[in-house]
Q: 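The structure's right below; bear with me while I get my questions together.
Chain identifiers are assigned alphabetically (A, B, ...) following the order of the sequence lines, protein sequences preceding nucleic acid strands; residue numbering begins at 1 within each chain. Small disclaimer: the values here were computed from a predicted structure and weren't measured.
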Amino acid sequence: MFEPVGSRVDFVKMEQDAIEWWNAHDIPSKYMRRNEDSDKRYSFIDGPITANNPMGVHHAWGRSYKDLFLRFRNMLGYRQRFQNGYDGQGLWIEVEVEKELGFGSKRDIEKFGVGEFVDMCKARVDHFSDIITEQSKRLGYWMDWEDSYHTKSDENNYTIWHFLKTCHEKGLIYEGTDVMPWCPRCSTGLSEHEIVTEGYVEIVHPGLFVKFPLLDREGEALLVWTTTPWTLSSNVAACVHPDLTYAKARNGDDTLWVVEARLSTLRGDYEVIEKVKGSELVGLRYRGPFDELPAQDGAQHVVIAWDEVSESEGTGIVHTAPGAGKEDFALGKEHGLAVIAPLDEEGVFAEGFDWLSGMSVFEVNEPIYESLKSKGMFYALEQYPHRYPVCWRCGTELVFRLVDEWFIRMDPIRDLLMEITEQIEWVPSFGRARELDWLRNMDDWMISKKRYYGLALPIFKCEGCGGFEIMGSEDELKGRAVEGWNEFEGHSPHRPWVDAVKIECRDCGAVAPRIQDVGNPWLDAGIVSFSTLKYRHDRDYWKEWFPADWISESFPGQFRNWFYSLLTMGAVLQEAPAFRLVFSYALMRDEHGEEMHKSAGNAIWFEDAAENMGVDAMRWTFARHTPENNINFGYATADEVRRRFIIPLWNVYSFFVTYANIDRFDPSVKAPAASERPDLDRWILSELHQLIADVTASLSRFEPESAARRAEEFVESLSNWYVRRSRRRFWKSGLIGGDGANGQASAPEDVADKLAAYATLYEVLLSLSKLLAPIIPFVTDVIYRNLAAPNGGARESVHLEDYPVADMSLVDERLNEVTRLAQRVSSMGRAARSKAGIKVRQPLERVLVKTRAASERDLLSAAAPQILDELNVGALEVVEDESALMRYAVMPNLRLLGPKYGAEVGAVRQALAQADAAATADAMRAGRAIEAGGYSLEPDEALVTTEEREGLSTAVDAGYAVAVSTTITPELLLEGQARELVHRIQNMRRDAGFDIADYITTYYAGGDLGDLVSAHGGYVKQETLSVDLVEGDAPSGAHTAEQRFDGLSATIGLVKSSG
RNA sequence: GGGCCAUUAGCUCAGACGGUUAGAGCGCAGUCCUGAUAAGACUGAGGUCCGUGGUUCGAGUCCACGAUGGCCCA
C-alpha cells in the first residue's frame, strides 16, 4: 500500500515537512558523501555571496541554478565539493555599519576606534551569513554549510598576500599618482570596476559658460563650458580640436571664440568675423578664471590641442584642470602643465585657495558664479541633466581627485588573460566576446583603498629610501618584523592590529611600516580558486580540484569583477584558467519588467516568496526561464507554474496512488514486459525515455530551460492524453492484487491490461521523480518516497538515487507520430463537433479524415482506435482530398472582369460556372491562371468559397481536414441519452457521498426510460457500478433526484448495495 | 566612436541542425466537464516573425546594411 494522497495539497507545508524529514534522516550529508569514492570529479567553486544583508529572491535565482547543476552531477555519480562562500570584507560592509552607528565620515570611525569598528564589521558579516545559511536551507540548497568559506578568513587574506608578492616578483605592482574617481563621504577612491558596476545615475548639473580673456588678443575671449564649476579653480589649459573650424563672433559687447558648429550656444545676435582651424589657436595664452588664488601662482594658461574635443556639446573649447579630471591629468603630463589639486579627502578645498579653502565642493557653485560675475567672466548658466558617477555604496556624487594609489599593471598580462579567456567555455556564448572586450580596454587595476575593514595590503614602504616590499605570508612577516609582532600576534590580519608590525628596509635599513590602505574587494573573491582549495598547504588537494569545471554567477558586472579577478589570479599564479566553464544569467525584474527596489515597494522578500508561493514553484519558474534574458518574477508567474505544471504532476501522482491502493497494486509483482504492453503504454514509455535523453542532454549543456520545457510538454501529454485515455483501464472490474471481493470475476486479459497500466504509470512517475529531483527537490522526493517505499531496491530519498538513464530501445518514433496524429485529428474532430454544436457525449456515425501527406494514411489506421474513442464516433474513413468533405463554389470577380471583358462577361461567367470547381480552386491557390471554357483568367479574377457537404461538419488546418457526420439517428440518440443518464447517476453517487468503489442498486420511475434501459441497461449498470437497474420507486432512505435531459424525464433513486 | 544583446500574437515569451501552412501561457470570446477539483479539458478570434537587400530549390532561422530598444566600454 502507498500512503494515501489527497488531491488537495499544501505545498508549502509539504516543503517544510520535507526539510524536517531530511534533517532527521541526515539526507543532505548522505547526499554529499554519496560519491566519495567516485573516480569522476566535477569541480565547482562558489562565487561568494555578500553577507551584508539577507538574501533576496534574485539570489535565490542564482542559487537555484547552482543547486540544480550540483544535484544533477551528483546523481550522475560525480564527486564534488559543496562549499558555499561568503564575501565579507570591504566598503559595503563598512557603509552599513556606519549607518547603524550614525556615522557620517571617517573621522567618526577614528574617534570610535578602528579595532572596535572592524570587529563590528566582522560581526555583521557573521550575523548575515547565518541568516543566509538558514534561507538557503529553506530554498533546498544543499551545501556543506558547516564548511562555508569566508573571504575575511586569515587563509583567504594570506593567500592574497602570496598573490600580491608574486605580482611584485613579476614587476606588476607600482604606486602611481593619478586622478581617480573619489567618494568624499567615504573618503576613498573607487576603482574603475566599482564605478561601472552600478555607478551612473541621471543628475542635473549646472552647464556653466565662462569667458577666458586672451592675453595676446585684446578684447577677445575663449568661451568654455563646464559642468563642474569647482574645477575652474584649478584650470591651467583650454583644449581645442586641431582640425575643427573655430569662429570668432561679435556678440553684444563680447568678441568670443567657439567652434563653428556650436555658434548656436551664443546668447542673442552674433556676427561671425573670422574663421580658423583649431590648430591656429593652439599656443595662445589667456587669463585664467581664478588666477588670483595662491594655488595658481606661477601657472601658465595656454590653449592646447586635443583630438577628443567634441562639437556635440559645450563650445568646442574644453576647460582643463589636471588636478581635477582624469583626462585632464593625462593631458597635463603630455604637455607639462601645472597640476593643481584642490580637494582634500573629504572633498573640502585645501589650503591655498583663499576664500574657497575650507568649503565643501558641494557648496561652492554659487560663490563661484558671483566671483566670475565680478570679474566679468561669467557668460551664461543652464541646467544640464546627464549621467554622472556616484558612489556605488552610499550614493554620494563622486569627484575627481589627485591621489597616490597602488596598481597592478595590466599590459604585461593582457595577452595572456585574453588567451585564457579564449580557452574558457562561456554560457551564453557571447560572454567570451564581452570579457575580451573588457580585457582589451582594461586599465591598470587599482587595488588600494583608503579605508579600514578589508584586506590589509601587505605592502611595506620604507620611510628612509621610499622603496617598498611585499610580504607573501604571515611567516615571512614574522621573520621580517622588527617591531609590533607581539601586539599583532593572535589577531586576524586586519587593521588596526596588523598596522603595528614594522619591518626593516632591505635596502637602507630604515623602518618600513605597512601602508595604511586596504585592498579592493575583488581581490578577496578572485583568490578563492586558490585559497579554498588549500593552495598554500596541500598542493595535491589543490591540483585535484583546480581549475573549477564550472562556476556560475549573474553576468552584469561580473565580467569586470569576479570573472576578471579569477582570470587575473589564475594567470599570475599559474598562467592557467581558474575555471573551464562559466554559466551566467541576467537580472531579475518584477512581474511587469520594472527594476525591483525596496523603495518602490515591488521587491519580494525571499521568506515571503518561500512561504507563499513555495520553493518548488519558485525553482521551476527559474529553471524554465532562458537564463540570458532578464526574468520577470512575481507571484502571478509562480502561480501559473504551480497551476500548469506542479499541480498536474501532483494530480497524476494522486490519481495513481488512489487507484493503486484500491487495486492493491504491488510494484514488485512482475508486470508484462514493456514490449508486450498496449500501444498507449508503449507510447508513454517511448516519450518518457526520449524525455530522459533530452533532459540529460540539456542539463549537460547548461540549458535548464529546454529541460524544463520538455518536461512540461511531457507532463501535459501524460496528464491529458495518457492518464485521461487510460482511466477506464484502471477502473476495470477485478482487483489485480485482490481476493475476489465484491464478487466481480475478472477476465485474465483485463487483469493483464490493468497491471500493464499500473506498472507503466508507476515507472513513469518514479522516473520523473528522479529526472526532476535536481530542479524541484521537494515534491519529487515526497513522490519518490511514497512510490518507492514498497519497492525493495529503493533508496531512502530520491536525492540518493542515480539519475535515470534513457533506454533508447523503448523509444518508438513511429508510435510517437501515430499518437501525435491521433491527437491532431481528435482536436480537429472536436472543432468540427463544436462547430456543429454537437457535444462529445452524443455518438456519431463516422469521421472522415484527409491527411496532409499520403504517407500519413498508414499512421492513421494505427491511430484510428484512439480517434474513434476520443471523438465518440463509429467509424473512420480516409479520404483522398478535400472535395469529399467540401464543395467549392466559384464566383466571377465582376469588379475585375467587368472592365476587362465588357460585354463578354456573360460568356466568361458561364464558362467559369461550368469549369471544375476544385481544379479552379487549386489553380487559384497556386497562383496559376484559371482555364475555363477557352478563357484564361488571372487567379484573382474569380472568388472561391467553400460549402460543407450535406450532413458533415468539417475543420481544416495545416493541410489536414477532418469531418464528422452530423446525422443523428434514433439509435445514436438513444445511445447519447444512455451516456447522459450515466453521467447523471455518477453525479448523484457523488452527491450521496458514496465511495468510488461502492456498488449500488439504481431505481428509476416516471416512465420515459424504458427504451433506454432495454437497449443500454447493461452499459448503464456497468458504468455506474449498479448491481441492478429496477423500474419503480426507490425505497425510503434512497438518494433520489428528478432528472430531465434530452426531452426525457425520470426520478432516479440510488441505494448502496449490501453485496 | 567601439563591443555585446534584443526586436516573433494585445501582454510575457518558446522556436537544435535553414525544410511543407510559426507555437505556448496570460488576456479575450465561447463550449464542455465536475469520480484528478487552491481544478481541468476543448474550441475560436488574434501574427507583413523590425526594415531593406543578399545567399539558397527553400530564410523567423544564415550574411550585409539600416532602424529601434537595452547593457557595456571609451
Q: Using only side-chain N and O atoms of Asn632(A), determine if any of them is under 4.0 Å from OP1 or OP2 of rC13(B).
A: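 So the side-chain polar atoms of Asn632(A) do come within 4.0 Å of the phosphate oxygens OP1 or OP2 of rC13(B), strictly under.
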Q: What class does the angle between the rings of Tyr585(A) and Phe583(A) fall in, given that below 30° is parallel, 30 to 60° is tilted and above 60° is perpendicular?
A: tilted
Q: Just to be sure I understand the rule, does Arg833(A) reach a base, reach only the sugar-phosphate, or reach nothing, if contact means heavy atoms closer than 4.0 Å?
A: nothing
Q: Could you identify the nucleotide paired to rG58(B), looking across every strand shown and requiring Watson-Crick or G-U wobble geometry with both distances under 3.5 Å?
A: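 Paired with rG58(B), as far as the under-3.5 Å criterion goes, is no nucleotide at all.
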Q: Hunt down the Watson-Crick or G-U wobble partner of rC26(B), both distances under 3.5 Å, from any strand shown, or write none.
A: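 rC26(B) is paired with rG10(B).
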Q: May I ask which nucleotide in the shown strands pairs with rC17(B), Watson-Crick or G-U wobble, both distances under 3.5 Å?
A: none
Q: Kindly indicate whether the side chain of Gln842(A), heavy atoms from C-beta on, has any atom under 4.5 Å from the side chain of Arg979(A).
A: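 No - every pair of side-chain heavy atoms lies 4.5 Å or more apart.
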Q: Pull out every residue in residues 707-719 of chain A that has a heavy atom closer than 4.0 Å to any atom of RNA chain B, ordered by number, or say none.
A: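 Close to the strand are Arg709(A), Ser719(A).
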Q: Start at the 5' end of RNA chain B and walk down; is the nucleotide closest to Thr1024(A) or to Arg589(A) reached first?
A: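 On the 5' side of the pair lies Thr1024(A).
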Q: For the atom pair CD1 (Ile1000(A)) and CG (Leu1054(A)), what is the distance rounded to the nearest 0.5 Å?
A: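 It comes to 4.5 Å.
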Q: Please check the phosphate of rC33(B) (OP1 and OP2 only) for any side-chain N or O of Arg724(A) closer than 4.0 Å.
A: no
Q: Between the side chain of Ser719(A) and the main-chain N/O of Glu716(A), is any donor-acceptor distance below 3.5 Å?
A: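 Not a single qualifying donor-acceptor pair exists.
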Q: By nearest heavy atom, map Asp437(A) and Ser826(A) onto RNA chain B; which one lands nearer the 5' end?
A: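 Counting from the 5' end, the first nearest nucleotide belongs to Asp437(A).
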Q: Answer with base, sugar-phosphate or nothing: what part of the nucleic acid does Tyr653(A) contact at a heavy-atom distance below 4.0 Å?
A: nothing
